[in-house]
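Here the structure comes first, spelled out in structure tokens, and everything after it is commentary.
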Amino acid sequence: MKFNSIDELLNYTNNIIGKTFYEIDSENLLKNNKNLKHRKGVLGQVVETGFYKYPINNDPHADFDEIGVELKVSGYKISKTGKISAKERISLSKIDYNSIVNEEFNYSKLISKNSKILIIWYLYEKGKDIGDFKITDYQLYEMKKDKEVFKNDFNIIKNKVLEGKAHELSEGDTSYLGACTKAAKSTDRTTQPFSDIPAKPRAYSLKNSYLTGIFRNFKSSHNATNSNNFLSIEEYIYSKMRPFIGKNQVKILEELTGKKYENKVPKNINKMITDKMIGKDSELPNKSDLFTKTSFIIKNIPIKINGKPKERMAFRTISLSEFDDDWEDSDWKAYFEETTLLTILWQEPNNNSKNGERILKGVKKISFNDYDLSSFEKTYNKLKETIQKKDISLLPTPNSFENQYLEVAPKGIKGDDAYNNFFKKDKTKVGLMLNKNFLYEKLKN
DNA sequence: ACCTGATCATTG
DNA sequence: CAATGATCAGGT
């Protein structure tokens with residue numbers, strides 16, 4: 001099928017809404033070949049051949065070349081809380097560590113020949129036959145809008161390889177363009193030019209969170225592109241923080257609110273400040289496009305004069321039922337994989353100065369690599385086991401295994417007795433925390 | 001001086 | 001009124 005204009009393409013595409021993959025699979029790619037079912041990309045082929053009537057085995061990238069549009073078929077899921085998110089990243093070409101160091105950013109080569117992508121969205125439902133997934137939306141997206149961010153991301157990846165740190169690459173390093181792992185076996189490794197350490201093979205990808213952002217914007221048709229000039233989140237955060245850097249907590253809060261806090265320093269003073277100064281986590285997507293397309297969480301951490309953190313970093317309380325899922329499917333894995341922490345650093349002016357006196361120092365971006373995640377996985381599995389066996393002694397409290405980064409700690413209010421009441425209710429009074437040593441290592445580099 | 005369980009102030 | 005993002009503080 002050939003389209004002469006984008007309008008023509010979209011008019012035709014409108015007919016795909018409401019269909020399942022079985023319904024459009026005229027070539028019977030799904031029914032005839034059960035093995036194909038689990039192959040990635042088969043749904044894209046079904047749409048190409050069954051709906052757009054491209055011949056099978058057509059060059060997969062030709063798509064709608066004449067009108068400058070590339071086709072992507074992408075799943076999304078709806079969480080228990082009703083939030084929509086993309087199911088998977090879209091992976092692009094492989095990263096060649098040995099040649100990237102000599103390459104300059106080239107948008108058209110990296111993303112695609114075409115600047116627009118037509119995304120066909122289907123609703124992924126766990127346990128359902130993939131042929132029964134229903135297509136619910138289609139969306140034409142102009143990738144060029146994000147070109148400068150892609151360029152910045154590309155250079156982050158390139159610089160890491162230049163520093164001989166290809167093995168430390170992580171999807172959290174960048175904003176939109178990820179470096180996702182790409183290998184048949186998880187043990188596969190490849191060489192890198194400036195280090196002898198073998199690195200995992202990776203490909204460029206459009207990050208899951210980026211796709212999620214695109215789709216959420218589309219659904220809320222809040223397409224009012226709040227375009228701005230910031231290329232990275234750190235730059236954005238710094239622009240908000242700059243007037244306050246070097247001042248102490250009480251002074252900053254007083255400046256921001258006009259109230260006096262000298263005699264009574266709220267325990268959560270840092271969160272009050274960053275909420276006002278930068279924005280609440282829930283408001284961030286309205287502040288900059290960068291926030292809609294990447295999951296950022298602002299965290300405050302007090303540090304000592306020597307730069308070491310004074311405290312662990314706490315996350316929300318956990319529910320017993322969250323640990324029904326296997327790690328691979330768990331919300332916690334997705335959270336740590338995709339979230340980038342923006343750590344606001346508050347330094348003590350003297351040893352053991354009190355809350356309220358700490359000085360705003362700067363911001364540090366933290367994301368987690370595969371090595372970190374494999375340690376988190378152990379914590380997760382210990383929690384899962386604790387819950388399954390109803391045995392509190394198995395709980396991954398601090399130092400419950402070698403190289404533990406993520407630990408369980410109480411988080412309630414007076415009298416909660418979090419450990420003894422652990423099994424009483426689904427919503428527990430304990431939370432997950434990253435320990436100080438781990439945090440320090442992350443802050444250092 | 002640190003570790004780890006206990007507790008707090010504000011928020012939605 | 002409980003959850004969140006944090007800090008507090010007693011014991012070692």
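Chain naming here is simple, since letters A, B, ... match the order of the sequence lines and numbering starts at 1 in each. Because the structure is a prediction, the values reported are computed rather than measured.
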- line: Whichever of Asn351(A) and Ala418(A) has the more 5' nearest nucleotide on DNA chain B, that residue is Asn351(A)
Plane angle bin for Tyr335(A) and Phe315(A) - parallel if under 30°, tilted between 30 and 60°, otherwise perpendicular: perpendicular
message: Classify the ring geometry of Tyr405(A) against Phe438(A): parallel below 30°, tilted from 30° to 60°, perpendicular beyond 60°.
response: parallel
Could you check which of [options] has an atom nearest any side-chain atom of [X]?
X         : options                 : result
Lys271(A) : dG5(C), dA3(C), dT10(B) : dG5(C)
Thr317(A) : dT7(C), dT4(C), dT10(B) : dT4(C)
Glu311(A) : dC8(C), dC3(B), dA6(C)  : dC8(C)
Lys429(A) : dA2(C), dT4(C), dG5(B)  : dA2(C)
Pro410(A) : dG5(C), dT7(C), dA6(B)  : dA6(B)

task: Go through the steps to decide whether Asn14(A) and Asn11(A) satisfy the test side chain to side chain donor-acceptor pair (under 3.5 Å), and finish with yes or no.
output: CA-CA 5 Å; Asn14(A) 204 36; Asn11(A) 282 340; over 6 Å; no
query: Which comes earlier along DNA chain C counting from the 5' end, the contact point of Asn270(A) or that of Thr428(A), where each point is its nearest nucleotide?
result: Thr428(A)
- request: For side chain to side chain donor-acceptor pair (under 3.5 Å), just list the numbers for Thr190(A) and Lys200(A), CA-CA rounded to whole Å, side-chain angles, deciding distance to a tenth of an Å, and then say yes or no.
  value: CA-CA 6 Å; Thr190(A) 183; Lys200(A) 285 193 181 180; over 6 Å; no
message: Treating Asp325(A) as the side-chain partner and Asp331(A) as the backbone partner, does any N or O pair qualify as donor plus acceptor under 3.5 Å?
response: no
With a 3.5 Å cut-off and just heavy-atom distances, do the side chain of [X] and the base of [N] make a donor-acceptor pair?
X         : N      : result
Lys411(A) : dG5(C) : yes
Arg312(A) : dG5(B) : yes
Lys414(A) : dT7(B) : no

query: By a strict heavy-atom criterion of less than 4.0 Å, which residues belonging to residues 379-399 of chain A are in contact with DNA chain B?
result: Pro398(A), Asn399(A)
field: Trp121(A) ring center near Phe215(A) ring center (under 6.0 Å)
entry: yes
task: Could you check how far NZ of Lys436(A) sits from P of dG5(B), rounded to whole Å?
output: 13 Å
